[in-house]
Amino acid sequence: MSAPVTRRPSRPSSDDEGFKRELVRLIPHLRAFARTLCGDPTAADDLAQDAMMKAWDARASFQMGTNMKAWTFMILRNQFYSEKRRSWRQTQLDQEAAERTLVAVDDPEAPVALDELRLGLAMLPAEQREALILVGAGGFAYEEAAEICNCAVGTVKSRVSRARRALHAVLEDGSYDRDGASAGDAMRAILADAERLSTVR
Amino acid sequence: MALDEARLRQQAIGVRLRQMFDDVVNEDVPDEFLDILRRADSRTGESG
């Protein structure tokens, strides 16, 4: 047997075991949320790993029975913004990463509309984007999203509704505007699709 | 009616938004994540 001998806790706590099981179950969701914040998949996984470790280290302060998904999302979000503050160049890098991601969809057969959606999301202000993602994709109630974003419930509601309207307008323009810049954006997504299909076989 | 159409479009956006998020949720979790957690776990054992 070549399996390394790992040192085990002398007294594994059943609380720790339960916490860990839940945390493992949440990893895919943390990765997805991180991806929407970072854009770049590698940076997103780094962020998700940091958040996972922060949650593990802070497990004593988690109240069992409360919403652990919301709690870990809050940790991840705080981590993201504190890293951002530390590096003034981050905003620019995020922008570049987001633009790369827009043309680097994993699934070569992904519909163009999904590219347009990514593009539309990238154009939203960060606080609107995260509110819409949490409520519209993450399955959180407005109250939970407010807790995660550390703001009032009414603020989340208005951010989500503004985000929905803006996204709708962007996608609409992309499809119907014949002479504007947004028509060019939609065209860029279509071209990116064609390019991707020609390089993947 | 225009209002109904707007609602339909909003629903379509919602579906795609969830699809985009779920695509990542459904990806295989890289081994790194569990490795890191396992290492943290043994560290806990040393200190406690």
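Remember, it's a predicted structure, so these values are computed and weren't measured experimentally. We name chains A, B, ... by the order of the sequence lines, and we start the count at 1 in each one.
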Under 4.5 Å from a heavy atom of chain B, the part of A:Ala48 involved: both

Among the listed options B:Pro30, B:Ala12, B:Gly14, the residue most often paired with chain A at heavy-atom distances under 4.5 Å: B:Pro30

Ion pair check, B:Arg38 and B:Asp35, cut-off under 4.0 Å: yes

Leading residue by heavy atom contact count with chain B [cutoff under 4.5 Å; candidates A:Asp45, A:Leu167, A:Val24, A:Leu23]: A:Asp45

Table please: side-chain donor-acceptor pairs of residues 143-153 of chain A below 3.5 Å, with sequence neighbours left out.
| unit_1 | atom_1 | unit_2 | atom_2 | d |
| --- | --- | --- | --- | --- |
| A:Glu144 | OE1 | A:Ala141 | N | 2.9 |
| A:Glu144 | OE2 | A:Asn67 | ND2 | 2.7 |

Parallel, tilted or perpendicular: rings of A:Phe19 and A:Phe62 (30°, 60°): perpendicular

Residue part contacting chain A, namely of B:Asp28, when any heavy atom lies under 4.5 Å: backbone

Enumerate donor-acceptor pairs with a distance under 3.5 Å from any side-chain N or O in residues 119-140 of chain A to protein atoms, sequence neighbours excluded.
| unit_1 | atom_1 | unit_2 | atom_2 | d |
| --- | --- | --- | --- | --- |
| A:Arg129 | NH1 | A:Leu121 | O | 3.0 |
| A:Arg129 | NH1 | A:Leu124 | O | 3.1 |
| A:Glu130 | OE1 | A:Arg77 | NE | 3.0 |
| A:Glu130 | OE1 | A:Tyr81 | OH | 3.3 |
| A:Glu130 | OE2 | A:Arg77 | NE | 3.0 |
| A:Glu130 | OE2 | A:Arg77 | NH2 | 3.0 |

